[in-house]
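Note sheet for the following structure.
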Amino acid sequence: MTTTQRPQPKFKEAEVLDPRDEYLALVAEKERRDSFRKWELYTPYPKQAEWLNWSVPVKTIFGGNRVGKTLTAAYEMTCHLTGMYPAWWTGRRFYKAIKARCVAVNYKQLREVMQVELLGDLRTALGSGMIPKDLIVDKSMTQGVSDVVDKVWVRHVPTGGISVLEFMVNEQGYEAFMGPSRDVTWIDEECDHAVFTECRLRAMTVKGIMLVTFTPLKGLTSLAKFLLYEKDGTVVRRIVIGWDDVPHLSEEDKRQMSVGLLPHEVKARRTGLPSMATGLIYPFEAKDILVKPFEIEWHNPGIIGLDVAYTSPTAGALLR
């Protein structure tokens, strides 16, 4: 009797990964997981830590580009929303769920900067921003604007309550900011002075606080002057963080960021300080063309009027 032999199953040999590929895969997975631990992993530089530990009604970061001013403010906003504060924290604390507001210049900046820093990518990685994913309870979207959050509800850990954060833009006008008070308001980049005033009034009614972060590219505006020169440190405090204050920027980074910028722009973006008043005419600073005072000859009296220009002729008149 002949027995039929069954075919033996063929087992595929285990694929052996190249050690280098395995290492890169592990690094990529670690980076992915760490992207959802942004608040936990945040470590401030000395100037950022100093600012975070202030407890005043209005505090401002005058910052150059890429110095971490937005990241720092996002961290503080998250602390207040969640009620979770690091052991080193000596700044303002809220012991209840809060009502907060973020203010951007326009919807594009809101969607690409503030919203990303706080929430991450809405479509592919919600929770990869500063607010921990497991504490985001819900969100609502702005009507008529693509991929822009209107409000987000966040778990306040110590009490179990729900903090509410709303997103607004300067383009809405100061009238839109009238009404209910807010415990914490964060303004990223310079807004209209009227919008700032409305936000400040809403904070004052509940003894709330304001966080202001911007690079003063508009020059010495009325808002910049108030935040920079107000002498009452119990009301307003400010810190200046430039490129030289953060170790993650190399000299090559600084050189490349300076290429193509006008002198006053380089100064504002590098140091975080305004370098001009409104109405700049020439693309260089006044200090570069100033001369020492001298007396005009007694025999050459007169009144000189000038209408200066950079891209068109300069007109002048002499009255004797």
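Side chains included, hydrogens not; waters and symmetry mates left out as well; all remaining heavy atoms used.
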Exercise for review: Before accepting this row, confirm whether a basic side-chain N of the pair D244/K254 lies closer than 4.0 Å to the acidic partner's carboxylate O.
Suggested key: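 Salt bridge between D244 and K254, a charged N being under 4.0 Å from a carboxylate O: yes.
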**Study point:** Presence of salt bridge, R202 and E198, under 4.0 angstrom
**Key:**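 Salt bridge present between E198 and R202.
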Tell me whether [X] contacts the main-chain N or O of [Y] through its side chain, where contact means a donor paired with an acceptor under 3.5 Å.
| X | Y | answer |
| --- | --- | --- |
| D183 | A100 | no |
| D192 | A194 | no |
| D245 | G242 | yes |
| Q109 | V105 | yes |
| T271 | L273 | yes |

Spatial distance of atom [atom1] ([X]) from atom [atom2] ([Y]) [nearest 0.5 Å]:
| X | Y | atom1 | atom2 | value |
| --- | --- | --- | --- | --- |
| E171 | L110 | CD | CG | 10.5 Å |
| M204 | S181 | CE | OG | 12.5 Å |
| L119 | M130 | CG | CE | 11.5 Å |
| W186 | D188 | CH2 | CG | 5.0 Å |
| F196 | F177 | CZ | CZ | 12.5 Å |
| I136 | L165 | CD1 | CG | 10.5 Å |

Side chains of [X] and [Y]: does their closest heavy-atom pair fall under 4.5 Å?
| X | Y | answer |
| --- | --- | --- |
| I187 | C102 | no |
| P158 | F94 | no |
| Q172 | V195 | no |
| L122 | M141 | yes |
| V137 | V154 | no |
| F214 | T70 | no |
| L228 | R238 | yes |
| K108 | E112 | yes |

Any idea which heavy atoms bring [X] and [Y] closest together, and the distance?
| X | Y | value |
| --- | --- | --- |
| G160 | R155 | O-NH1, 3.0 Å |
| P274 | P216 | N-CG, 3.4 Å |
| A224 | G219 | CB-O, 3.8 Å |
| V240 | K47 | O-NZ, 2.7 Å |
| N170 | V103 | N-CG1, 4.2 Å |
| R101 | C199 | NH1-SG, 4.1 Å |

Assess, by modelled atom type and distance only, whether the side chains of [X] and [Y] contain a donor and an acceptor separated by less than 3.5 Å.
| X | Y | result |
| --- | --- | --- |
| E190 | T221 | yes |
| H193 | Y174 | no |
| T78 | K38 | no |

**Study point:** K96 and S163: CA distance, side-chain angles, deciding distance, side-chain hydrogen bond (donor to acceptor under 3.5 Å, both in side chains) verdict
**Key:** CA-CA 8 Å; K96 62 178 181 65; S163 294; over 6 Å; no
Check your understanding: Please walk me through it: do Y42 and L71 pass side chain to side chain contact (heavy atoms under 4.5 Å, CB included)?
Key -> CA-CA 9 Å; Y42 173 79; L71 184 69; 3.9 Å; yes
If Ile, Leu, Val, Met, Phe, Trp and Tyr residues are connected whenever their side-chain heavy atoms lie under 4.5 Å apart, and connections chain through other members, are [X] and [Y] in the same group?
| X | Y | result |
| --- | --- | --- |
| W88 | M77 | yes |
| Y95 | I162 | no |
| L223 | M210 | yes |
| W243 | L217 | no |
| Y75 | V212 | no |

Practice item. Scan for side-chain hydrogen bond (donor to acceptor under 3.5 Å, both in side chains) pairs involving residues 134-151, sequence neighbours excluded, and state none if there are none. Key: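 Checked against side-chain hydrogen bond (donor to acceptor under 3.5 Å, both in side chains) - neighbours excluded - the pairs reaching residues 134-151 are R123-D147.
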Name every donor-acceptor pair, under 3.5 Å, that has one atom in a side chain of residues 55-68 and the other anywhere in the protein, sequence neighbours excluded.
| from | atom 1 | to | atom 2 | distance (Å) |
| --- | --- | --- | --- | --- |
| K59 | NZ | W51 | O | 2.9 |
| K59 | NZ | L52 | O | 3.2 |
| K59 | NZ | W54 | O | 3.2 |
| K59 | NZ | E76 | OE1 | 2.9 |
| K59 | NZ | E76 | OE2 | 3.3 |
| N65 | OD1 | R269 | NH1 | 2.9 |

Check your understanding: Does NZ belonging to K99 count more than 12 external heavy atoms closer than 6.0 Å?
Key ->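 Atom NZ in K99 is not crowded, with 12 or fewer foreign heavy atoms closer than 6.0 Å.
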Practice item. Start with the C-alpha distance between E50 and I239, add both sets of side-chain angles, then the distance that settles side chain to side chain contact (heavy atoms under 4.5 Å, CB included), and finish with yes or no. Key: CA-CA 9 Å; E50 179 185 351; I239 199 165; 3.6 Å; yes
Exercise for review: Show the numbers, then the answer: is there a salt bridge (charged side-chain N to carboxylate O under 4.0 Å, His left out) between E166 and R182?
Suggested key: CA-CA 10 Å; E166 66 178 356; R182 295 291 178 266; 2.8 Å; yes
Review point. Which residues pass the ring pair (Phe, Tyr, Trp, His ring centres under 6.0 Å) test with Y45, sequence neighbours left out?
Key: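 Ring pair (Phe, Tyr, Trp, His ring centres under 6.0 Å) check on Y45 returns H248.
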Point to revise | Check against side chain to side chain contact (heavy atoms under 4.5 Å, CB included), C79 and W39 | key: CA-CA 9 Å; C79 290; W39 181 87; 3.5 Å; yes
Exercise for review: Please assess L81 against I131 for the test side chain to side chain contact (heavy atoms under 4.5 Å, CB included), listing each intermediate value before the final yes or no.
Suggested key: CA-CA 9 Å; L81 290 169; I131 303 175; 3.9 Å; yes
